[in-house]
Amino acid sequence: MAQQVESAGRLASGLGAIPLALGGMLGAGVFVAPAPAAAAAGPWLPFGLLIALAAVVCSASSTAYQAEAYRVPGAVYVCVRARVGVVPSRVGASAYLAGQVAGMAAIARVLGDLFLPSAAPQVAAVAVLLVVLSATAGLRIRGAAAWIWLALTVAVLGLVVVTCFAIEPVPPIAAGRPLADSAVGITGAAAVLFFAFLGFERLTAPAAEQDRFAWSSMKRGIAISLVALVVVLSAVTAALVHQLGWSRLALTPMPIREVLTAAAAADLAPLVGVGAAVALLPVLLGALESFRGTALALVHDRDLPSLLGRTGSAGTPYVLDLAAGVAAAAIALLVEPIPAMAFAACCMLVHYAFANAGARLLLADGGPWPMRGACLGMGLSVVLAMSMPISAMLATLVVVVVGPLATGGVSRRWR
């Protein structure tokens, strides 16, 4: 029997909407993304955060309408397939699946770096496989447990922020390279910060029917979650800048650990590391759950082998989970968190470009504002994806070429 941790009346009251969305977003992006965003835009970073928020709001609205119209797992993929076409849907789905796997690898690698820096790749791989085993056994963190884990994350980040502002910063060190001092990198910063918001689709387009909330609860939950994430991300970034300065922040691969050392609070590093690592486990689980929905939709359409949809005694697709876990563990062993994060963000931006295109056609006969939001989301997704590092764009290009060819080869259908 699937293990579930849920409170009675959760869906009816809407109380679980916030941890479902915010618990998926408040993860590796908040711990690491300010550093590459600072490297891209420097003091212009807040404008990048606003652009990322605009792209997320548009994408959240589009996916919510798609999930309402197509009440099945992988609703966004199904909508794009029906409204835009088979090949575009395969491109978007391939980017989504690759982005979720790379996102899992980035989350796990951040977990490893915080928990045990000397063996971060190995810890990351073990964490991914443990989460896969838990998910295969049917574990779903909902209700009171989700709130507790969310409170743990906020407590860890709050401790870091308070420590940074309570201790006078050290004099700035000379930067090893010039800091971005113009607005040119704003879209690059926005593209990286977009990763910090990934997870909203758990609420707007849930993979499981039991996670579907009433429309009013969903809107309220996503609005509160996005505002809360912006506040937390702004507070963490301000604390990091206060203690490290823009130049040093731009150069550090793990800003949370670096800032504690700079603030003469290195004794807190083990406590923060363990707390953050534990807090990231549900985020990993949420990414795997999101991966399942779209992957199972492709299995249903025979674009992926039917073997991947085989379920175990807990009713979970254990073959699919294991395949995703092995791929994420391999990436975590080989790739540092920031490059993995950049690749994941680029893939997801491509996915949301197609998602917004599908929503634009879906909403053509509806109200003008949701349709215009979908158009804006599509444009922003394209611009932000084109602002990513060349390596991330090239890797994403490989995915969007190989993915549709592979899925088409499996199904032998191109229309």
Side-chain angles (χ1 to χ4, degrees), residues 10 13-34 37 41 44-65 67 142 146-162 164-165 186 189-206 211-241 279-280 282-283 286 290 345 348-349 352 355-356 369-370 372-374 376-377 380-381 384:
R10 181 181 61 86
S13 65
L15 292 176
I18 295 173
L20 182 64
L22 192 56
M25 294 187 287
L26 205 58
V30 177
F31 287 96
V32 176
W44 295 88
L45 183 152
F47 294 97
L49 178 58
L50 292 178
I51 294 174
L53 177 62
V56 169
V57 169
C58 294
S59 298
S61 173
S62 294
T63 55
Y65 280 105
R142 301 292 188 272
W147 280 106
I148 291 172
W149 242 297
L150 187 58
L152 173 62
T153 307
V154 174
V156 170
L157 293 171
L159 177 61
V160 173
V161 171
V162 170
C164 288
F165 283 115
I186 287 179
V192 174
L193 292 172
F194 187 85
F195 181 87
F197 292 89
L198 296 180
F200 65 86
E201 202 171 306
R202 297 180 70 202
L203 178 57
T204 58
D211 290 328
R212 188 181 296 275
F213 287 82
W215 185 258
S216 58
S217 297
M218 185 274 297
K219 289 197 299 182
R220 183 168 58 251
I222 199 66
I224 294 173
S225 298
L226 292 179
V227 170
L229 182 62
V230 170
V231 171
V232 171
L233 189 54
S234 299
V236 171
T237 303
L240 294 173
V241 172
L280 287 173
V283 185
S290 298
M348 296 302 285
L349 284 164
Y352 284 115
N356 281 291
W369 290 111
R372 290 171 183 170
L376 177 60
L380 286 174
S381 297
L384 296 187

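Predicted model only: the values in this text are computed from it and were never measured.
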To the nearest 0.5 angstrom, please state how far the OG1 atom of Thr237 sits from the CG atom of Leu49. 7.0 Å
For the CG atom of Leu22 and the CH2 atom of Trp149, what is their distance to the nearest 0.5 Å?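 Interatomic distance, Leu22 CG to Trp149 CH2, rounded to 0.5 Å: 15.5 Å.
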Test side-chain contact (heavy atoms from CB on, under 4.5 Å) applied to [X] - qualifying residues, sequence neighbours left out:
| X | result |
| --- | --- |
| Ala64 | Thr204, Trp215, Met218 |
| Ala21 | Met25, Leu203, Ile222, Ser225 |
| Trp369 | Arg372 |
| Thr153 | Leu26, Leu157, Ala279 |

Test log, rule side chain to side chain contact (heavy atoms under 4.5 Å, CB included), inputs Val56 and Tyr352: CA-CA 9 Å; Val56 169; Tyr352 284 115; over 6 Å; no
Hey, are the side chains of [X] and [Y] touching, using non-hydrogen atoms and a 4.5 Å cut-off?
| X | Y | answer |
| --- | --- | --- |
| Ser234 | Val230 | yes |
| Ile51 | Leu193 | no |
| Thr63 | Phe200 | yes |
| Phe197 | Leu53 | yes |
| Val160 | Val236 | no |

Could you tell me which non-hydrogen atom of [X] sits nearest to which non-hydrogen atom of [Y], and how far apart they are?
| X | Y | result |
| --- | --- | --- |
| Val161 | Ala235 | CG2-O, 3.9 Å |
| Arg202 | Ser290 | CG-OG, 3.4 Å |
| Ser217 | Ala17 | O-CB, 3.9 Å |
| Asn356 | Ser62 | OD1-OG, 2.7 Å |
| Leu384 | Ala55 | CD1-CB, 4.1 Å |
| Ala41 | Ala189 | CB-CB, 3.7 Å |

Please report the C-alpha distance between Arg220 and Phe213 in whole Å, then the side-chain angles of each, then the deciding distance to 0.1 Å, and finally whether the side chain to side chain contact (heavy atoms under 4.5 Å, CB included) criterion is met. CA-CA 10 Å; Arg220 183 168 58 251; Phe213 287 82; over 6 Å; no
Above 12 or not: heavy atoms from other molecules or residues under 6.0 Å from CZ of Phe165? yes
So, using side-chain hydrogen bond (donor to acceptor under 3.5 Å, both in side chains) as the criterion, who are the partners of Ser381 when residues are at least two apart? none
According to ring pair (Phe, Tyr, Trp, His ring centres under 6.0 Å), who are the partners of Phe31, at least two apart in sequence or on a separate chain?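 Checked Phe31 against ring pair (Phe, Tyr, Trp, His ring centres under 6.0 Å); zero matches.
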